[in-house]
Structures are given as C-alpha cells and as structure tokens.
Amino acid sequence: MTDPYVPQEIEPKWQQRWEADGIYRAVVDPDRPKFYYLTMLPYPSGDLHIGHWYAMTPSDAQARYYRMRGYNVLFPMGFDAFGLPAENAAIKHGIHPREWTYANIERMRRQLRSMGAMFDWEREAVTCDPEYYRWNQWFFLKFYERGLAYRARAAVDFCPSCNTTLAREQVWGEERVCERCGTPVVKKDLEQWFFKITAYAEELLDFSQIEWPERVVTMQRNWIGRSEGADVIFRSEEGDEIEVFTTRPDTLWGATFMVLAPEHPLVEKLTTPEYREAVEAYQYQAARQSEIQRLALDKEKTGQFIGAYAINPVNEARIPIWIADYVLMTYGTGAIMAVPAHDERDFEFALKFGLPVIPVIAPPSGQAKSVLRAGSYREGLTEALREAGFAFEEADGDLQVTLDEADRERYIALVRSYLKPGTWTEVVGAGWAFVFADGPVMNVGSIEEERRILERCQELDPAVQAKRTVAELLWDQAFYRDLLFHDAYERMINSGPLTGTPGEEAVRRTTAWLEEREVGKAAVNYRLRDWLISRQRYWGTPIPIVYCPECGTVPVPEEELPVLLPEDVDWRPTGENPLRYHEAFLHTTCPRCGGPAHRETDTMDTFVDSSWYQYRYLSPDYDQGPWDPEEGAYWLPVDQYTGGIEHATMHLLYTRFFTKVLRDLGLVDFDEPMLRLYNQGTVLGEDGEKMSKSRGNVVAPDDLVEQYGADTVRAYLMFFARWDQGGPWDSQGIKGPRRFLEDVWRLVLEPVDPAQAEATPTEEQVRVLRRKTHQTIKRCTEDMEAFAFNTYVAALMEFRNVLQEAKRTPVAGSEAWEEAIETLLLLMAPITPHIAEELWVRTGRPYSIHQQRWPTWDEAIAAEETFTLVIQVNGKVRDRVEVPVGISEEKAREIALASEAVRRRLNGREPKRVIYVPGRLVNVVV
RNA sequence: GCCGGAGUGGCGGAACAGGCAGACGCGCGCGACUCAAAAUCGCGUGGGCUUGGCCCAUGUGGGUUCGAUUCCCACCUCCGGCACCA
C-alpha cells in the first residue's frame, strides 16, 4: 500500500531543506544571464492575506520557470514597514510601532515561508530599519541639492482621519477620499515639502523603453495630462500682468472677459473697493464649497465680478475680470481668458451673467441661419426666397432660413428689400450679422459693435429691452442655438490681422504672431502636480532638515545621517505627530552656525520608501551607499515586475521618477526601473464582493494551508481564473487541484500492475503517449510565458487524465512512461514545488528538482498524424471525418462530397462552391 | 460627460491572424464499492424538439462573410480610471 499524500508533512520538510541548502540564494555570476524578478512588497499588517498569495505565488512560479530555463534569477522579498496602522496600534493599545511592526514582520516571514516560494531571504529589506531610511534621507538631501526637494506653502489635501496631508495621487475618486482610509479629504493651506516630479513630466510620458500594460500607460498618461497651447500675458488697467494658459490661442480675439480662481493672488490687489465685500463673500463661500466636496451635482456656474478690467493684448479690448470656482488655482496659471463663443464653460458663464459673446471661429458646417420674424417682412418674400433657391421652413409665421455661407451676401441683398421699416433680421453663421431695414448691416465682431447692435435693437423693439447681450437675444431663437457655440478648429474670423487664417494653421500662426509681439509664447502645460511628501505622523522617515533662526532652512549634513526617529514618544490620542512635542528631538544645533535650531518634525510619505526598494534589496546591509554598485551593475534593472493595478498613478509613477533622478545623479545608467510589468487581478470573497472583515468573507491562507497544503492553494489560485482578472473564491473549487495532486501522487507512487508492466506496448501506444507528453511541454511553456497559469494547470490536469488511462495499458512502465512522469513532475515544479520535489526524490531522481533544466519538446513527436476534418454545408457542421494531417485538398474535397450528410443535402445538385481550409474543414455551399 | 476593460452552461472559466462553441475544474444526475454514509471509481451533463435526425444558443439589434464568441455599426448592463484641466 502506498502511503497517502500528506502535504502537512512534506511541505515544511522541503522548505527547511531548501533553506538549509540555500538553493534559492542568488549570487552575482557574470557567466549566466541574470533575471531580476520582483513582486511588490507587502505592508506588515500582521497576517498574510489571500491577496498576497495571489500576487506572489504565480510570480514565484514564473521566477522558478526562468530559473529552470537557465537564468540566474533574483526573487527577493521585504517589508514596506513604515505607515499608519503601526502608529494607530500604538495609540490604541500602547504598543510601540517598532514592536508592533517587527512582531508582525516575524509572523509574516513565517507565513511567507509556508508558500514555498523561492525568495532569497538574504536580500530582505525592511524599510523602517534605520539602515534603510537613512538612505531615504540621503536621497532627500541629493534631491534638495538639485532643487528637486523644496518647501512651499500651498493649498494641500488633508485627511482628517489619518491626521496628515496627502499627495494629490493619494486622493481618490469623485468623492476625493483618502487612498488609505476612505475618509473625504479637506483643503488646508500649509507649508509642506514637495518633490519636483513635474520636472520630469515630459520624460515620464515616454514609455518606449518599457513593456507595461496599456491600461497603466494610459492612466499615467492621463494623470500627467499634457496639453499644448500658449501662455499669453494680459494686463490689468493698472498694468499688472495676468498670465493665462490657453490651448486655443486662435480664439484670443473672442476673449470677452477674464476669470481668476477665487484664491488667485492678484484678486486681493485688483478688487475695487465697491466690490470688496462681495468678492470676499464669494471667496469664503468657494473655499467652503471645496470642503463640502461640491457634493451638489448641479454644475450651475457661479462667479463674482471684482470691479476691475483687463486689456486683451491682441485688440486692446477692455474686458471685465471675474472670479469663479470653475477656474482652478492648481491648473495652468489659475487664470483664464474666457472665450464664450468657443468654450462651453465660458459660454454657460457668459449666458448666465450677461457677458458678451463674440464669434471668432467660423462654424464647421459652413452653413448659416436666419430668422425672418412674422410681420417683419413684406408679401412676396417667400416666393422670392424660393425663386432664389433658399431653403426655409415656416414656423408660426416666422421663416427659418438655412443657407450656405457662400450665399450670405446674395441672401442679405434679397432680404433687405423685403424688410418692413423698423425691423431687422440676423444672419448667424461665420460671424453674426444684423441686417437693419433702415440702416447698415452690422457685424458682431467686437465688444463695441456688440453693444451698438444691442442698443439699436432695443430702440426698435421694446420686447428685447431686457436682453443684456446679443447672445442672449439670439439664444431666444432655438433655431440659432446650435450655431452660437462650437469648439471646432476652423477658419478665424473677426480676428484683426489674422482673420481668414484656416483652421489647421490657426493655432500655430497665432502663436507665432504673439511671440513676435512679445505678448505670449508657445507653452506646454501638465496636469501633474509636484509630489507632496510631508506627513504629519511619527512612524516614518524624519525629513533631514533643521530650521535655524539665523541661517534659515539648513539640510542635515550627510555624515550626520540617519536622523533617528526617537523611541520614547508620548502618543497623542488625536494622532497628532508626537515628534512635535519631543523636546530632545525638536531642539538641536544648526549644522551651519552651531546656534540653537529646531528640526523639521514632518516625516516622509511611505511611497518614498517603496520608490527605490528594488535597489536596496541587492545589498540590504551595504553601508557605503544605498546599494552595492557591483550588485547593481549585474542585476539592474528589474526585468519583470508584478503587482496590483491600484498603484498605477502612485508607486509606479513615483518609482519611475525616482529612477530618472538617480540616473541624473549618476547612480544608475538606465532610464526605467522595471522593464516589464504585469498586473494581477483581485481575489474576491465567495459572495463576489471585495474581501473585508466587516463582510465576513475573508479567506485565511493559513487555514487553507493547514487543510489542503500550500501546493493545493498555489495550484488553485493559478487555476481558478485568469491571473490578470481574478474573481470570486470558491471553497468547493479548490477540491479540483487537491484531487489532481492526489491523483498524481498515486499515479507516480502506486506500482504499475505487473501484467501491464511486463507486456510490451504497441508502437501506437508509445507514440500516442509521447505525443501527449511533448504537446504538454509545449502548451505549458507557452502558457507560462504568457502568464496563462489557468490553462497551464488545465494542461497538466489533462495530462493527468491521459496518464491515468495509459497506466492501465502496457505502455505503463515503459521508457515513454518514465519520460511522461518525469515531464509531469518537471512541469509541476514551478506550480507545486513541494510535491514535485517529494515525488522526484522518491522515484530515485537526483535532488533537487528545482535545479533541473526545463524540459524541451520535439515538434516531430508532438505533431498529430490525423485531424478531424469538419464537413460543413452552408457553414453548418454536418459531418466529421478523421483524416491524415497531410491530406491533399483534392482528397479532402472528395471525402466531403462523398459524405452521406452532404449528399443528402446536395440532393443531386452541383455545389455552388466548395471551400477548403487546410487542416480544418471543407464547407460545401449549396 | 470623457477614457479604458468585460458580458460565453447551474458556477469558475477555455477557445478569438474568422473555421468543431463550452477545454480544464466545481457542482449536479445515474451506476459501482459499502450495512450505510463519506471518500474513491465508472458513465453522463448548454437548452429544446416530432431524437437513426433537427432546431436554438457566446448581453441586445443590425451588417460584412461560404462561415462570426472572434471583424464593423448602433444600443444595453457591469467594473475600473478621470472629471469644470482652460
């Protein structure tokens, strides 16, 4: 009797043996090609989650695969050990964050070992070790020297629950919640430290050197948000420069007002006394509004005139200055020129507040519209219009005419002679013309003209006396509405010297024109903001800065690093940073003048730690630099990185930025930290929802290992879904992989029936088995390369099914059988390393299976001899015939036409067409 | 609103340079073993019908094609990201 499969016994045994033998130790070996395989490091929360297993075990399988393929693979692990939970635990339970963190790390190391992964533990790095964060400080100083770390006062996002500021990337979604705890953030005006990631905005948009998922690339691209346009300098009447950024310099002549962000620094100065009160009220309300997250979804525009005017530099037009919260201080210059005719938001604003609209770009349709109001024209006009070929419709006596822009003059001439005295009509198209019966044709081409037209209309018609602008007057005619606003790139009109410039040249020529006159220049603007790294918390890396009353802001000298986090601190129940009250930490001497000074008490965002951990892993004990350059020269950069998508615009952006700075510091000689990236999906609870303690749908890996063994858990995680998709956990489904392992156990260990063992297999039996063996190697190899772990396991299961059959035939025990078993075990080694090793060694093969070469397949052996020729009639399968692989087209057609099913449908007729797809099918078209 | 991704049996999922839809697994049904149950083994398992055969089936409706889960158009639903970005 074969002993049963007891993973609880064999798994710890092999884990210890592998570790004792150091078989996963990766050392620099210039003779072998290296492969740096990295998976995101966990936060030591206390317990390994099934999500960690889901992230790490398929990565481990692939790392093992590369190893078997002959690469020198480095697969390290560490802990992202600074952060809030440790500090919250301290406040709540009185345990020091250090103690809490290191105890958790100890526990998680044990749990990680139970995975049976090939981590090289001698490379482990823990980010809260002073020997780690010392280098965070060192990098900070380097950044500071280069002007890449700076302190500034700014309106920043603050999480009231975490009691600290956050980077823009760490505020999520429409509700603007804290990435960590989900609490809505508030704005605060604070002095904070920033890393100047915007200096690398352009380079960060270049993804040409990395193979990353399109999804991540798109998210980063959108996050950086590059737009091209021009900076234009407007001036207040008093001469203050007001710079705006616009992507549409070609619409400059249509700027009829300016809008500043409510918190724009010039507002204070420009506001006239009679508007001061109203402006301050608006500013107060706007600030409050952003705190309430503007939850009211009505996007109704609000704003306030500040009493001042600006001069449009292209036409000297005097335009009012407003403030409104739809202009953001954080984008561009915090001020805009408003072109209501060609910007939807400005249009809405202008209509609401009665600001003039001047069209300066011809509409894309090339059409114009005109309304002749009932009673404003004499008899015979309809006939005349018809005769002249103008299309129109009658609506309540009004005539609504749609004409080609080219016919504008002809139309005006015709209509004029029919207008009754004291009336007018409009032509709205490329420009808006007013045709007065007893006066000139007037064009809405400037603010003055707009005024004059409005006044004249009001004189003639009391009904329009309440209208504040021509646009408002025209808006009343629903027929005109689609022509009053558009944002197409088209021919410029009403634009002084540039009138007539075609759409495709408009932006470029206007920009050149601005540059000549020195009132503007081409500019690129980014949505990306600098990375706010200050955190008002204890459990993080102290920022190595000292404030001296004499010398100001002074960096701590390199040789004084690390600035140690003091141990003996008093916890504040509010979560307020205890460093601020730690006298010994706070008070220091100025490194420059030796006088009394005090330390910066903010600590760094923990994303600083994870921005370069892949380098520290190489030599976690090295003290001459952040890492040993010799190790770096061999292992870097990371060849394959795996982890969750949630870091797309945080960690994954920061680490790219960091690497580019390190390159500019001369520390690395490449541009990108991770050449290839793959994002796994998420394991959901059995109810299909995100796993959470409150839902009670959490799956604990320790229990699963206890019940099924690590190999089963690994195999199931790789089998149950596509890795990049993830899906709900199924406590029934895990039985499949467990049965698979038990079947393999018996398949390999239970002796073959002597009757079969002694019998000689037929050539056919041998050929069929070997074919399956080689086909399986091929499938598994391709699946492994493609991260298709689910079909990889499926292929192994299929192989198992075939072997179970074969074991009952004389092929069992043959050479082909041995080849099959050996192959099976080798292919299982990356997925289920323990059972593979156990069976490998038990069958007398040399330890360790994890030091064997990956099997190769022979195409000739893997090749099928026959295939199922599908016979279709009109595209529907009607018959199937097994035929040799090399069958000629002629022969295939013959077989198909001879098929009973085909003959019945043909019914003596000739087929219309016969389509032959080699190796697949014949389709008879009747 | 904009930008991505996805909709396939009872369930998880296979198969897409256009060519046998449902690999593999779970579950379920029947049978064997058992006093019995579990475990295990064998067989079956998309739906329907007038069942030696035929019809319908890959979110919905169209289209291209000899042939569409795969390509094109429109729409619906779900998930993710962004959201007054000038």
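Throughout, a chain's letter reflects where its sequence line sits, starting with A, and its residues are numbered from 1. Only this structure's heavy atoms are used, side chains among them; waters, hydrogens and symmetry mates stay out.
- A donor N or O paired with an acceptor N or O is not found under 3.5 Å between the base of B:rC66 and the side-chain atoms of A:K912.
- Side chain of A:N697 to backbone of A:K690: a donor-acceptor contact under 3.5 angstrom is found.
- Comparing B:rG59 with B:rU77, their P atoms sit 16 Å apart, to the nearest whole Å.
- Note: A:F607 and A:H651 have parallel aromatic rings, judged against thresholds of 30 and 60 degrees for the angle between ring planes.
- Side-chain contact between A:S227 and A:Y331 is present, with at least one heavy-atom pair separated by less than 4.5 Å.
- Counting heavy atoms from C-beta on, the side chains of A:P213 and A:L677 come closer than 4.5 Å.
- When distances are taken from the side chain of A:V870 to each of B:rA86, B:rC20, B:rC82, the shortest belongs to B:rC20.
- Taking every side-chain heavy atom of A:R746 into account, B:rC41 is the closest of B:rC84, B:rC24, B:rC41.
- Remark: B:rU70 base-pairs with no nucleotide in the shown strands. Criterion, Watson-Crick or G-U wobble with two distances under 3.5 Å.
- Put simply, the side chain of A:L717 reaches to within 4.5 Å of the side chain of A:I50, judged on heavy atoms.
- In this entry the distance linking CG of A:L796 with P of B:rA23 reads 18 Å, nearest Å.
- Using a 30° and 60° split on the angle between ring planes, A:Y678 and A:F787 fall in the parallel class, below 30°.
- At a threshold of 4.0 Å, the pair A:E900-A:R903 counts as salt-bridged, since one of the basic side-chain nitrogens sits closer than that to a carboxylate oxygen.
- Comparing B:rA21 with B:rG31, their C1' atoms sit 30 Å apart, to the nearest whole Å.
- Closest-nucleotide positions on RNA chain B for A:R808 and A:D343 were compared, and the one nearer the 5' end corresponds to A:R808.
- In this model, no side-chain donor or acceptor of A:E214 finds a partner on the base of B:rG4 within 3.5 Å.
- One C1' atom belongs to B:rC71, the other to B:rU58, and the distance between them is 16 Å to the nearest Å.
- The side chain of A:R800 lies closest to B:rC24, out of B:rC24, B:rC55, B:rG13.
- Among the nucleotides B:rC24, B:rC82, B:rC84, the one closest to the side chain of A:K301 is B:rC84.
- Closest to the A:F719 side chain, of the nucleotides B:rA86, B:rG25, B:rG19, is B:rG25.
- Among the protein residues, A:V327 comes within range of the nucleic acid bases, having at least one heavy atom under 4.0 Å from a base atom.
- Comparing the same atom, P, in B:rC33 and in B:rA38 gives a spacing of 15 Å after rounding to whole Å.
- Comparing the same atom, P, in B:rG25 and in B:rU40 gives a spacing of 14 Å after rounding to whole Å.
- For the OP1/OP2 pair of B:rC56 and a distance below 4.0 Å, the side-chain nitrogens and oxygens of A:K876 include at least one atom meeting the criterion.
- The side chain of A:V925 lies closest to B:rC66, out of B:rC24, B:rA14, B:rC66.
- Comparing B:rC54 with B:rU65, their C1' atoms are spaced 25 Å from each other, to the whole Å.
- If you check B:rA57 for Watson-Crick or wobble pairing at under 3.5 angstrom, you find it has no partner at all.
- Between B:rU69 and B:rG22, the two C1' atoms lie 11 Å apart (nearest whole Å).
- Ring geometry for A:Y326 against A:F349 counts as tilted: the plane angle lies between 30° and 60°, on a 0 to 90° scale.
- Between B:rA86, B:rC84, B:rC3, one nucleotide has an atom nearer to the side chain of A:T247 than all others, and that is B:rA86.
- In the interface, the side chain of A:R880 is paired with the base of B:rC20 through a donor and an acceptor atom under 3.5 Å apart.
- For B:rC78, the paired nucleotide is B:rG5, the pair qualifying as Watson-Crick or G-U wobble because both relevant distances are below 3.5 Å.
- Pair check for B:rG52 finds none; no Watson-Crick or G-U wobble contact set falls under 3.5 Å.
- For A:R739, counting side-chain heavy atoms from C-beta on, the closest listed nucleotide (B:rC26, B:rC24, B:rC3) is B:rC26.
- Positionally, the nearest nucleotide of RNA chain B for A:R215 lies more toward the 5' end than for the other of A:P728 and A:R215.
- In the set B:rG13, B:rA83, B:rC24, B:rA83 carries the atom at the smallest distance from any side-chain atom of A:R527.
- Comparing B:rC20, B:rC3, B:rC26 against the side chain of A:T868 picks out B:rC20 as the nearest.
- When heavy atoms are screened at a 4.0 angstrom cut-off, A:R529 is found touching no nucleic acid atom at all.
- Nucleotide B:rG25 has B:rC11 as its partner under the Watson-Crick or G-U criteria, with both atom distances under 3.5 Å.
- B:rG18 makes up no base pair with any nucleotide shown, lacking Watson-Crick or G-U wobble contacts both under 3.5 Å.
- The partner of B:rC41, taking Watson-Crick or G-U wobble pairs whose two distances both stay under 3.5 Å, is B:rG31.
- When the P atom is used for both B:rG7 and B:rA14, the distance is 9 Å, rounded to whole Å.
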